[in-house]
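Notes for the one structure printed next.
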Amino acid sequence: MDVSYLLDGLNDAQRTAVSAPSGSYLILAGAGSGKTRVLTNSIAWLIKTENVSPYSVLAVTFTNKAAAEMRSRIELLLGMPVRGMWVGTFHGIAHRLLRAHWKDANLPQNFQIIDSDDQLRLVKRIIKSLELDEKKWPARQAVGFINSHKDEGLRPKNIEDYGDLYTKTHLDIYRAYEEACQRGGMVDFAEMLLRAHELWLNNPLLLKHYQERFSHLLVDEFQDTNSIQYAWIRVLAGDKDNILVVGDDDQSIYGWRGAKIENIQKFSTDFPNSEMIRLEQNYRSTGTILKAANGLITQNVGRLGKELWTDKGDGDSINLYAAFNEIDEARYIVARIKDWNTQGNNFKEAAVLYRSNAQSRVLEEAFLRAQIPYRIYGGQRFFDRLEIRNALAYMRLISHRDADASFERVINMPTRGIGDKSVQMIRSLARGNDISMWQAARNIVASTAMTARARNAIQIFLDLIEAMDDGTKENDLVGLCEIVIKQTGLKEYYAKEKGEKGQARLENLEELISAARTFDPEPDFSADEADEKAEPITALDEFLSHAALEAGESQSDPNQDSVQMMTLHSAKGLEFPLVFLSGLEDGLFPHQMSTEEPGRLEEERRLCYVGITRAMKELYLTYAETRRINGSETYNRISRFVNEIPSELVQEVRMSNIVTKPVRQVGARRSKVLSGDVDGTDLKLGQRIKHSKFGEGVVVNYEGQGKQARIQVNFDDEGSKWLMLAYAPLLPLD
DNA sequence: AGTCCCCCCATTTTT
DNA sequence: TGGGGGGACT
């Protein structure tokens with residue numbers, strides 16, 4: 001059998017990786033080094049040459065998109081569908097295991113996935129029921145406490161409070177939350193992973209079965225695994241030493257959500273027979289861009305080590321633009337993109353990256369004004385929209401009457417005269433008798449509690465759900481969607497909503513129907529897997545799980561030629577011929593909140609590294625000497641990261657012929673147009689100075705000329721002061 | 001039940 | 001600057 005096509009066009013390191021014999025490997029794959037290709041080809045290689053059955057392969061990724069892409073590329077390489085192969089996200093695979101082995105996992109068969117929003121609502125309710133001060137114990141923080149401990153594999157019983165009130169209170173919340181979840185058969189995202197891990201630990205036979213089945217394990221984006229994910233895969237790997245992980249420690253940017261860069265750093269210790277293969281040849285960027293990236297990232301300590309190179313030429317210099325303010329920065333970027341387009345390039349080849357979402361606004365305005373099409377990544381995803389969540393909650397309630405979270409969500413949505421008091425009563429009755437809210441509501445209706453009017457309203461709601469459920473028997477998923485949207489009154493409700501918003505919501509509801517129409521139950525979920533004894537699941541339940549696990553299609557239209565705008569985080573994995581890294585100011589990037597601890601600063605640096613390595617041909621760095629952040633003017637110094645890029649690679653763009661007239665804020669005093677330079681001196685706005693008496697500070701404003709010139713300085717210790725320039729004993733610091 | 005107003009807050013995001 | 005949440009008012 002000729003398998004040479006699996007190696008064609010690969011470099012030595014890639015070939016080594018693809019054709020590696022059985023064993024454990026850490027593929028350190030630099031940005032743009034052909035990682036995905038190596039991963040897919042090596043799976044194809046295993047199947048083609050080593051006679052490994054697809055049935056024995058487990059490949060794990062982080063996003064559904066990556067999983068889908070991997071599967072389709074492997075099928076393309078093999079020229080056939082690979083049904084038995086497990087390719088999916090950690091959560092998707094955990095979910096599948098729990099569905100199949102719900103008993104062993106100590107879950108009810110019809111357990112439900114709750115997403116972050118459901119989780120937050122539930123925790124809020126719990127905090128209330130524990131009679132804690134909601135101001136003092138914000139639900140978000142409690143959710144953070146719960147999730148981060150779950151990510152570490154810690155149950156309440158594993159956590160010690162050492163008499164600390166903060167920990168103690170959160171533990172109480174955690175415990176109550178766990179109870180509520182267990183009672184309602186609800187599983188949050190972190191819980192899925194934790195349960196899947198416990199499934200291994202508590203069921204040695206089951207574990208053994210899967211260990212034998214999956215002879216080959218592969219993990220993508222290994223640097224992003226958290227403790228529980230790594231623990232899960234490690235247990236599954238057992239001691240057969242046959243695991244291939246791909247990742248890049250220099251692109252680990254998700255530490256703040258539990259990812260452990262240590263996992264990749266200690267892989268070689270955990271798997272002592274493993275081999276490390278470095279993919280350092282880059283096929284994306286120019287030499288200059290790579291040198292910049294390398295120069296920057298060497299500032300980090302404890303790296304596994306890697307230096308990107310290319311056999312292409314150096315290419316153009318990196319451009320650095322010092323904007324006067326954020327508006328000027330946006331204008332500059334727009335102007336460059338206009339040039340780019342005039343030279344015959346597409347808008348969609350250009351990307352503007354920023355550290356925080358708030359920065360997109362000014363950019364957006366500039367693009368709007370220049371009438372350049374743009375697209376902003378991120379924002380709310382389809383299944384997260386309010387109207388969709390409401391419709392789904394109805395569907396969940398139809399499927400599972402005891403889904404309390406859904407019950408509460410829709411009992412009075414749209415309003416049908418069931419007020420807070422009624423809901424509270426139902427809730428406490430349910431809690432008191434350890435029954436579902438649905439059951440409690442039924443009991444109330446049959447009793448003489450509450451007014452007849454309230455009982456009647458509840459009865460109508462109960463009847464509505466029952467009636468729709470009857471409909472499920474004659475209708476398929478699409479039919480049910482239609483019924484839900486109409487009969488619940490959601491459609492009517494949103495139709496009445498004023499403005500475009502209501503219209504958009506209606507369209508989304510229609511979109512939900514088409515999502516149901518195109519919904520394709522995972523083909524091999526319950527097929528031919530005797531070992532899983534998978535119970536049949538209704539199409540409705542599958543659809544609901546799908547909605548919880550998948551964000552919904554990205555609404556992007558790839559045919560549209562528009563400038564791409566996104567945060568640095570969302571840019572990971574993408575590439576663009578022309579890239580702008582904007583807002584390169586200390587305090588913004590690296591972000592103020594990440595500058596204290598060295599570890600976090602390093603993550604910011606890696607984020608910058610990710611940004612730089614997105615660029616294929618041209619890279620622009622921009623910063624603003626003054627920027628409005630959260631309503632107040634700030635004066636930041638240029639990002640330290642810029643200074644960590646070898647200066648010979650960087651070309652500073654002068655303000656020269658383009659007159660950058662800064663726009664004064666309405667209502668600002670002092671009319672003089674600020675040029676950025678304080679007349680007749682080498683002082684600039686934003687510059688740090690030292691005053692012999694007041695200490696160090698930053699120049700924030702100035703007025704007057706010559707002998708009359710005064711400057712305003714924000715001193716670190718003394719606050720803001722106006723000083724006569726002619727007399728003030730100042731020393732510029734930068 | 002819906003609207004208004006005030007206060008508070010403020011990275012990054014996938015499942 | 002602005003968005004979200006909570007409380008008070010109509």
Side-chain angles (χ1 to χ4, degrees), chain A residues 60-67 88-95 113-121 124 128 134-135 138-141 144 147 150-151 187-194 196 221 224-226 228-229 252-259 326 353-362 365 377-381 383-384 412-421 457 493 496-498 545-552 554 566-573 583 587-595 600 603-604 606-608 610-611 627-634 665-667:
Chain A
V60 201
T61 63
F62 274 85
T63 64
N64 293 299
K65 194 170 152 233
T89 62
F90 277 102
H91 291 88
I93 285 165
H95 174 240
I113 302 170
I114 57 168
D115 63 27
S116 336
D117 188 70
D118 295 331
Q119 186 185 31
L120 185 68
R121 288 159 145 263
K124 246 184 207 156
K128 270 203 194 102
E134 292 165 70
K135 287 262 157 51
R140 296 201 161 276
Q141 197 174 53
N147 288 344
K150 285 190 179 184
D151 283 347
V187 176
D188 63 48
F189 290 128
E191 182 74 21
M192 272 198 279
L193 302 173
L194 187 47
E221 302 281 17
D224 289 339
T225 51
N226 64 28
I228 196 75
Q229 287 161 337
S252 163
I253 55 173
Y254 286 114
W256 52 275
R257 64 177 199 206
E326 75 277 14
L353 311 182
Y354 35 82
R355 176 65 236 265
S356 72
N357 286 306
Q359 289 169 255
S360 68
R361 189 194 197 109
V362 177
E365 281 165 11
Y377 275 64
Q380 228 185 7
R381 292 186 304 270
F383 287 117
D384 281 342
N412 201 31
M413 176 69 227
T415 49
R416 44 175 75 86
I418 304 174
D420 274 354
K421 263 187 290 163
Y493 177 81
K496 278 199 206 120
E497 199 174 342
K498 300 177 272 294
S545 293
H546 167 82
L549 286 171
E550 301 239 10
S554 57
M566 68 195 83
T567 62
L568 286 146
H569 282 89
S570 355
K572 199 173 96 167
L588 187 60
F589 188 31
H591 197 279
Q592 191 66 52
M593 302 180 108
S594 307
T595 38
R600 298 187 65 184
E603 183 158 305
E604 294 278 305
R606 292 193 290 270
L607 190 57
C608 188
V610 166
R627 175 184 303 272
R628 207 158 241 281
I629 298 179
N630 301 338
S632 55
E633 212 72 22
T634 59
Q665 308 301 323
V666 182

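Labels below follow one simple rule: chain letters A, B, ... track the order of the sequence lines, proteins then strands, and each chain is numbered from 1.
Judged by ring centres under 5.5 Å apart and planes tilted less than 30 degrees, H591(A) stacks against the six-membered base ring of dT11(B). Stacking between W256(A) and dT12(B) is shown: the ring centroid lies under 5.5 Å from the centre of the six-membered base ring, and the planes differ by under 30°.
Mapped onto DNA chain B by nearest heavy atom, G417(A) and E550(A) fall at different nucleotides, with G417(A) at the one closer to the 5' end. Heavy-atom distances to DNA chain B give each of D384(A) and S356(A) a nearest nucleotide, and the one nearer the 5′ end belongs to S356(A).
For R257(A) against dT11(B), no side-chain N or O and base N or O form a donor-acceptor pair under 3.5 Å. With hydrogens and angles ignored, no donor-acceptor pair closer than 3.5 Å exists between the side chain of R628(A) and the base of dT1(C). For dT15(B), its base sits under 3.5 Å from the side chain of S116(A) at one donor and acceptor pair at least.
In this structure, the NZ atom of K572(A) is 17 Å from the C1' atom of dT11(B), given to the nearest Å. Between I253(A) atom CD1 and dT13(B) atom P there is a gap of 9 Å when expressed in whole angstrom units. If you take CZ of R606(A) and P of dT11(B), they are 20 Å apart, rounded to a whole angstrom. Look at CG on L193(A): it is 11 Å from C1' on dT14(B), rounded to the nearest Å. Rounded to an integer number of Å, the gap from CG of L353(A) to C1' of dT12(B) is 13 Å. Distance I418(A) CD1 to dG2(B) C1': 18 Å, rounded to the nearest Å. Rounded to whole angstrom, the span from the CG atom of N226(A) across to the C1' atom of dT14(B) amounts to 11 Å. For the pair K135(A) NZ and dC9(B) C1', the interatomic distance rounds to 13 Å; values are reported in whole Å.
Picking from dT13(B), dG2(B), dT11(B) the nucleotide with the shortest atom distance to the side chain of T415(A) gives dG2(B). When distances are taken from the side chain of L549(A) to each of dT11(B), dT15(B), dT13(B), the shortest belongs to dT15(B). With dT15(B), dT13(B), dG6(C) as the candidates, the nucleotide lying closest to the side chain of K124(A) is dG6(C). Residue R361(A) has its side chain nearest to dG2(C) when only dT15(B), dG2(C), dT12(B) are considered.
Between the P atoms of dT12(B) and dG5(C), the separation comes to 16 Å (whole Å). Going from the P atom of dT13(B) to that of dG4(C) covers 16 Å, rounded to whole Å. When the C1' atom is compared between dT14(B) and dG3(C), the two are found 23 Å apart, to the nearest whole Å.
Note on T567(A): a side-chain N or O is less than 4.0 Å away from OP1 or OP2 of dT13(B). Between N630(A) and the phosphate of dC8(B), there is no side-chain N or O to OP1/OP2 separation shorter than 4.0 Å. Considering only side-chain N and O atoms, S570(A) lies under 4.0 angstrom from the phosphate OP1 or OP2 of dT13(B). Side-chain nitrogen and oxygen atoms of R140(A) include none within less than 4.0 Å of the OP1 or OP2 phosphate oxygen of dC9(B). In this structure, R355(A) does not reach the dT13(B) phosphate: none of its side-chain N or O atoms is under 4.0 Å from OP1 or OP2. Dashed line: the shortest gap from a side-chain N or O of N357(A) to OP1 or OP2 of dT12(B) is under 4.0 Å.
Below 30°, between 30° and 60°, or above 60°: for Y254(A) and H569(A) the angle between ring planes is between 30° and 60°, a tilted geometry.
With hydrogens and angles left out, the side-chain atoms of Q119(A) and N147(A) include a donor and acceptor closer than 3.5 Å.
In this structure, the separation between OG1 on T415(A) and OH on Y493(A) is 6.5 Å, given to the nearest 0.5 Å.
Taking each heavy atom of S252(A) and E603(A) in turn, the nearest pair found is O-CG, 3.7 Å. The two residues G583(A) and L588(A) come nearest to each other via the heavy atoms O-CD2, 3.6 Å.
As judged by a 4.0 angstrom heavy-atom cut-off over every strand, N64(A) is placed among residues touching the sugar-phosphate backbone only. Using a 4.0 Å heavy-atom criterion, one finds that D151(A) contacts no nucleic acid atom at all.
Here the side chain of R628(A) pairs a donor or acceptor atom with the backbone of G631(A) at under 3.5 angstrom.
Partner D224(A) forms a salt bridge (Lys or Arg N to Asp or Glu O under 4.0 Å) with one of R606(A), R257(A), K572(A) and no other, that one being K572(A).
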